[in-house]
Amino acid sequence: DKEHRHKDHKKDKEREKFKHSNSEHKEHSEKKHRDKDKERLKHSDSSSDKHRQKHKDRDKDKRREEKVCLWVVGMLLNEKLYMYRSPAGIKSEPEEDNGFYPSPQHNKSSRQEYDDEDPKKSSWNTTKRPKRGNMNKKGTDGKKVKKEEEEKWKWWEEERYTDGSKWRFLEHKGPVFAPPYEPLPGKVKFYYGGKPMKLSAPAEEVATFFAKMLDHEYTTKDIFRKNFFKDWRKEMTSEEKSVITDLNKCDFSEMSEYFKAQSEARKQMSKEEKQKIKEENERLLQEYGFCIMDNHKERIGNFRIEPPGLFRGRGDHPKMGMLKRRIRPEDIIINCSKDSKHPKPPPGTKWKEVRHDNKVTWLASWTENIQGSIKYIMLNPSSRIKGEKDWQKYETARRLKKCVDRIRAQYREDWKSKEMRIRQRAVALYFIDKLALRAGNEKEEGETADTVGCCSLRVEHIKLYPKLDDQEYVVEFDFLGKDSIRYYNKIPVEKRVFKNLQLFLENKQPEDDLFDRLNTSILNKHLQELMDGLTAKVFRTYNASITLQQQLKELTCSDDSIPAKILSYNRANRAVAILCNHQRAPPKTFEKSMQNLQNKIDEKQNQLSAARKQLKAAKADHKASHDDKSKKAVEMKRKAVQRIEEQLMKLQVQATDREENKQIALGTSKLNYLDPRISVAWCKKFGIPIEKIYNKTQREKFAWAIDMADKDYEF
DNA sequence: TGGATGACTTAGAACACCGCGC
DNA sequence: GCGCGGTGTTCTAAGTCATCCA
């Protein structure tokens, strides 16, 4: 139970509440938004337009040729072509034979300049190219200006590739490999059957992986132990193999203690030592953590190769405990441009391959040995390449908003279809839309944990109740989704859906597929026909973002204090996290920290009643004396009461927020599902500093949204 | 059509760091 | 100066979805 992070009853209720209100909101707001959409179309007033308008204004002086202006306006009007289609979808655009789509604010001459630039000219020292139009800013402090400009490169104001290529020039230094294995000191012993035993280096290394995890629940699991032991034996010498035949006779405790002591020693290191390590990390970051992509220095997301260790699958993963082998340069494929300075493999080694594929975004890749899948080194979320994709994702979701009514009407109609496959497709789509379920690809049995999504739901995952409590046609879902997180929900559905489900269940065993005539490929093909670029996951993005927007409208009170507004924001965020089933294990220190906070609240309450008493006394005093001094005293006491009240409220808000957040993870939705422009607009509208909502990393990731959304932005 | 593969996004946990109160 | 607790960052597993190929 614990393992699957089953939620308590209270939480289920809470979800139910949110779901319910969510669907109500949906219907209510759909009407509202339908009207608004019409309105918007009339005025051609989408936020992207506004954004472009903003930049159009800003760059006005740069654009002198009337012709060019007309062309820009043409582009603005042609927003569907320009903004909303994926680069792959607009391959054969006339005039654009260079693979770029210009941003509205760039005239032809600037584009020419860009095209003429030779990407080969870039190097590690000369990449900080100031933005076009700012070239003349270089003065005495040219370097500084240049740096600042580059640090805030607004890629969203520039051209996009439309020929499917992701870059023209890519140069990097390759990945950082895991440090080689350092054998244990002689005094740290491994025992077999109570007797010390010296292990060969390869066997010892794998043993240390297990020893490091000794305190973890993993090492108590049979599958983990079995897989580990099998792989460990492969690393042993034949002699070791003949001796070590039973994992239960192995004693890793001395090794484990040694690592704990090491970790403790690391914590106890002097400031200087810590500083030295920090500097070394910084050096590595500076050397390997960045690449040059099309004239810009971009941060790499994961430049370190995953170190060897034991595979930690989630849930009941059949491969947990297997040895994740060490990755060597000979396993690595490097991707960079032909004309770049290729990364050098460590001395005495060579890369598996060096290729120059600009249709992909990765810099290096290798095949891991557990599932045989490919792992990549890619750019940081703040990079142009990730940001563009993110922005595009939300634009697709916004397009869905425009036609979601039609799509809903269609699937409702399809519930009545004569064809079973169409009915199944329509019911599945209803679940994906209403409950924000994932698509649910098929998985190879025995290769991964048994988890499902919508299309892969089995009969055993749902229960039907014609009547439950005071509700009719209730469906109970109970299954493990991504990361083996349990999805449990009871929802009333429409009669037709219920009847269809009864039909789908007929003559089936618990382990049979609920939607036996459906898979994600069929579903997505259908969605593609309904809207260009529509897939199952777009519904999750759309429903998450629209829910945030509605909840913010509903919960925010302009008279509230900033902490109260932030609580409203967190509650809106929470509604989305519940919808998307983003859970977390309650923090280990939760109860304790909650108690500490409660103590603070109690203390503050005592302070408040004392301050109130003092105020009362001061008032009485003033009533008796009527002098200035006593009047001043009353004012002071009143202010003190006010201050304490505010402090108390702040603490109470904090406690509420924390309690409500106990098992809910807000980060995932904030980072992946919520159109950041909604949050930015909300901040601007209610005077909330953006730092209160997004931390530094998040601000970097969403720089495009922070720059372009104004207070009136509508998703 | 369906399986395999590759490229990419989404996910929670673990770890690192930093500020605050004592 | 130290330890605690909370937040931010990193890590890497586990999804989605498009494309290729038989």
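By convention in this document, chain letters (A, B, ...) are assigned in the order of the sequence lines, proteins followed by strands, and residues within each chain are numbered from 1.
At a cut-off of 3.5 angstrom, counting only N and O atoms as typed in the model, there is a donor on one side and an acceptor on the other between the side-chain of A:K482 and the base of B:dT10.
With B:dC18, B:dT9, C:dG15 as the choices, the nucleotide that has an atom nearest any side-chain atom of A:K278 turns out to be B:dC18. Of all nucleotides listed (B:dC8, B:dG12, C:dC17), B:dG12 comes nearest to the side chain of A:T668. You'll find that the side chain of A:D483 is closest to C:dA14, out of B:dA14, C:dA14, C:dG15. The side chain of A:T535 approaches C:dC17 more closely than any other nucleotide in the set C:dC17, C:dG15, B:dG6. Among the nucleotides C:dG15, C:dT12, B:dC8, the one closest to any side-chain atom of A:E306 is C:dT12. With distances taken from any side-chain atom of A:R299 to the nucleotides C:dA14, C:dT10, B:dG6, the minimum falls on C:dT10. Taking the side chain of A:A585 as heavy atoms from C-beta on, and the options B:dA7, C:dT12, B:dA13, the nearest nucleotide is B:dA13. Side chain of A:V360, nearest nucleotide from B:dC8, C:dC17, B:dG12: B:dC8. Closest contact between the side chain of A:R312 and the listed nucleotides B:dT9, B:dA13, B:dA14 involves B:dA14. Of all nucleotides listed (B:dC8, B:dG6, C:dA14), B:dC8 comes nearest to the side chain of A:W362.
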One pair to check against ring-ring contact (aromatic ring centres under 6.0 Å, His included): A:Y288 and A:F303. What are the steps and the verdict?
CA-CA 7 Å; A:Y288 295 95; A:F303 58 94; 7.1 Å; no
Does the pair A:E282 and A:Q286 meet the rule for a side chain to side chain donor-acceptor pair (under 3.5 Å), with working shown?
CA-CA 6 Å; A:E282 184 57 31; A:Q286 288 307 324; 2.8 Å; yes
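Across the interface with DNA chain B, nearest-nucleotide mapping of A:G372 and A:E442 shows A:E442 to be the residue nearer the 5′ end. Nearest-nucleotide positions on DNA chain B for A:R355 and A:N672 put A:R355 closer to the 5' end. Between A:F311 and A:N695, the residue anchored nearer the 5' end of DNA chain C, judged by the nucleotide with its closest heavy atom, is A:N695. For the pair A:N524 and A:T697, nearest-nucleotide mapping onto DNA chain C gives the more 5' position to A:T697.
Among the protein residues, A:R266 comes within range of no part of the nucleic acid, since none of its heavy atoms lies under 4.0 Å from any strand. Residue contacts shown for A:G481 are limited to sugar-phosphate atoms, with no base heavy atom under 4.0 Å away. Counting any heavy atom pair closer than 4.0 Å across all strands shown, A:K525 reaches no nucleic acid atom. Here A:A536 lies in heavy-atom contact (under 4.0 Å) with sugar-phosphate atoms only. Within the 4.0 angstrom heavy-atom criterion, no nucleotide atom of any strand lies near A:K274. A:S373 comes within 4.0 angstrom of nothing in the nucleic acid, heavy atoms only. Contact annotation for A:P381: no contact, since no heavy-atom pair falls under 4.0 Å across all strands. Counting non-hydrogen atoms under 4.0 angstrom, A:K389 reaches the backbone sugars and phosphates but no base. Residue A:G667 is classed as having no contact, given no heavy-atom separation below 4.0 Å to the nucleic acid. Counting non-hydrogen atoms under 4.0 angstrom, A:T361 reaches the backbone sugars and phosphates but no base. The residue A:Q698 sits apart from the nucleic acid: no heavy atom pair falls under 4.0 Å.
Between the NZ atom of A:K393 and the C1' atom of C:dT16 there is a distance of 12 Å, given to the nearest Å. Remark: P of B:dA7 and NZ of A:K375 are 15 Å apart, rounded to the nearest angstrom. For the pair A:E282 CD and B:dC17 C1', the interatomic distance rounds to 14 Å; values are reported in whole Å. Atom NE2 in A:H526 sits about 19 Å away from atom C1' in C:dA18, given to the nearest Å. Atom CD1 in A:I377 sits about 14 Å away from atom P in C:dT10, given to the nearest Å. Atom P of nucleotide B:dA13 and atom CD of A:E217 are separated by 12 Å, given to the nearest angstrom.
At C:dA13, one or more side-chain N or O atoms of A:K324 fall inside 4.0 Å of OP1 or OP2 (strictly under the cut-off).
The shortest heavy-atom contact between A:S484 and A:A449 is OG-CB, 3.8 Å.
For the side-chain hydrogen bond (donor to acceptor under 3.5 Å, both in side chains) criterion with A:T451, the lone passing option out of A:H317, A:K482, A:K443 is A:K443. With A:R458 as reference, A:D450 is the one residue of A:D513, A:D450, A:D516 to meet the side-chain hydrogen bond (donor to acceptor under 3.5 Å, both in side chains) rule.
By the 6.0 Å and 45° rule, A:R677 does not stack over the aromatic ring of A:W156.
Contact annotation: the side chain of A:F228 never approaches that of A:T219 to less than 4.5 Å [non-hydrogen atoms, C-beta and beyond].
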